[in-house]
Amino acid sequence: MCSEKTNSENMETFLKWINESDNIVFFGGAGVSTESGIPDFRSVDGLYNQKYDFPPETILSHSFYRKNPEEFYRFYRDKMLCLDAEPNITHIKLAELEKAGKLKGVITQNIDGLHQKAGSKNVMELHGSVLRNYCERCLQFVSAEDILHSEGVPKCPKCGGPVKPDVVLYEEGLNQKTLEDAIYYISHAEVLIIGGTSLAVYPAAGLIDYYNGDKLVLINKSATPMDKRADLLIQQGLGTVFEQIQI
Ligand code: CNA
């Protein structure tokens with residue numbers, strides 16, 4: 001009861017801040033896409049235990065990819081390539097806020113391309129995208145559909161070299177330019193909305209340290225290690241929050 005009241009009071013303040021600001025930045029994670037039917041990491045973990053011998057963090061690591069590319073691709077096709085997924089209300093409202101000149105950018109840990117599919121233009125993909133795949137030998141582009149329909153380790157149609165997704169695997173560094181852009185937008189934001197992320201994966205989770213304002217909104221279904229840092233904490237599904245935004 002008590003937390004419901006807090007949530008609804010916070011919701012009112014949230015809508016006021018959104019209404020008044022034209023310098024909003026959104027920073028999100030896998031929870032943004034669960035309402036599009038793409039499981040987040042923990043759900044993946046739960047499902048996967050029956051079918052895979054290693055946790056997702058291990059399979060999605062650089063060393064595992066090098067040593068066991070076939071097992072990597074089995075997991076990747078099964079769990080990471082959700083090419084039929086459609087943007088949900090959160091993706092759509094964020095795109096509308098940008099179009100209305102209120103939101104400056106979306107910083108995402110997701111690799112599903114759904115923000116762009118919803119119409120967002122300024123999207124900083126910290127962990128890359130499943131929609132981009134390149135031959136490791138000749139850099140030929142290969143579509144995600146081709147990866148999905150290939151078997152074993154996908155081969156380049158031009159030179160036969162192995163194809164690697166443009167996804168930042170564990171043990172790999174983030175793209176420096178994307179990281180710098182994300183820091184720029186977060187450090188200049190008036191309202192920072194963080195949503196659908198456990199804030200457990202670094203260096204992405206550390207981006208919160210660059211925020212200089214006093215309107216940090218944290219929207220997540222479950223508790224995060226950064227809850228105390230929020231000026232507004234809303235423990236609800238993103239869809240029920242974002243559907244209330246009138247643009
Ligand atoms: P995570 O660690 O799985 O955390 C997700 C968080 O979102 C959890 O705390 C959930 O409680 C919360 N959550 C789930 N659904 C909702 C909802 N509807 N509304 C509000 N909160 C919700 O995922 P993170 O993004 O924090 O970071 C870990 C990895 C997961 C990142 O590197 C991603 O690249 C990776 N990942 C991405 C996708 C994708 O692209 N859609 C899917 C699965 C994993």
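Here the structure is a predicted model, which is why all the values come from computation and not from measurement.
Between the side chains of Asn212 and Ser187, no donor-acceptor pair of N or O atoms lies under 3.5 Å. Using modelled atom types, one finds no donor on one side chain facing an acceptor on the other under 3.5 Å when comparing Gln109 with Glu125.
Between Glu96 and Ile92, the closest side-chain pair of non-hydrogen atoms falls below 4.5 Å. Within the 4.5 Å cutoff, no side-chain heavy atoms of Thr58 are placed close to those of Tyr170. Within the 4.5 Å cutoff, the side chain of His91 has heavy atoms near those of the Ser36 side chain.
A salt bridge does not link Lys177 to Glu180: none of the charged side-chain nitrogens sits closer than 4.0 Å to a carboxylate oxygen.
In this structure, the side chain of Asn110 engages the main chain of Gly29 through a donor-acceptor pair within 3.5 Å. Using modelled atom types, one side-chain atom of Asn88 and one backbone atom of Val32 make a donor-acceptor pair closer than 3.5 Å.
Not counting sequence neighbours, the partners of Tyr73 by the ring pair (Phe, Tyr, Trp, His ring centres under 6.0 Å) test are Tyr76. Checked against side chain to side chain contact (heavy atoms under 4.5 Å, CB included), Asp227 has the following partners two or more places apart in sequence or in another chain: Leu218, Ala223, Thr224, Leu233, Gln235. Evaluation of the ring pair (Phe, Tyr, Trp, His ring centres under 6.0 Å) rule for Tyr210 yields no partner, not counting sequence neighbours. Taking His188 as the reference, Tyr184 meet the ring pair (Phe, Tyr, Trp, His ring centres under 6.0 Å) condition, with sequence neighbours excluded.
Between Phe141 and Tyr134, the two ring planes are perpendicular [angle over 60°; tilted spans 30° to 60°].
For the atom pair CZ (Phe26) and CG (Leu94), the distance works out to 5.5 Å, reported to the nearest 0.5 Å.
Residues in residues 19-31 take part in these side chain to side chain donor-acceptor pair (under 3.5 Å) pairs, two or more places apart or across chains: Lys16-Glu20, Ser21-Glu190. Residue pairs satisfying the salt bridge (Lys or Arg N to Asp or Glu O under 4.0 Å) criterion with at least one member in residues 236-247, sequence neighbours excluded, are absent.
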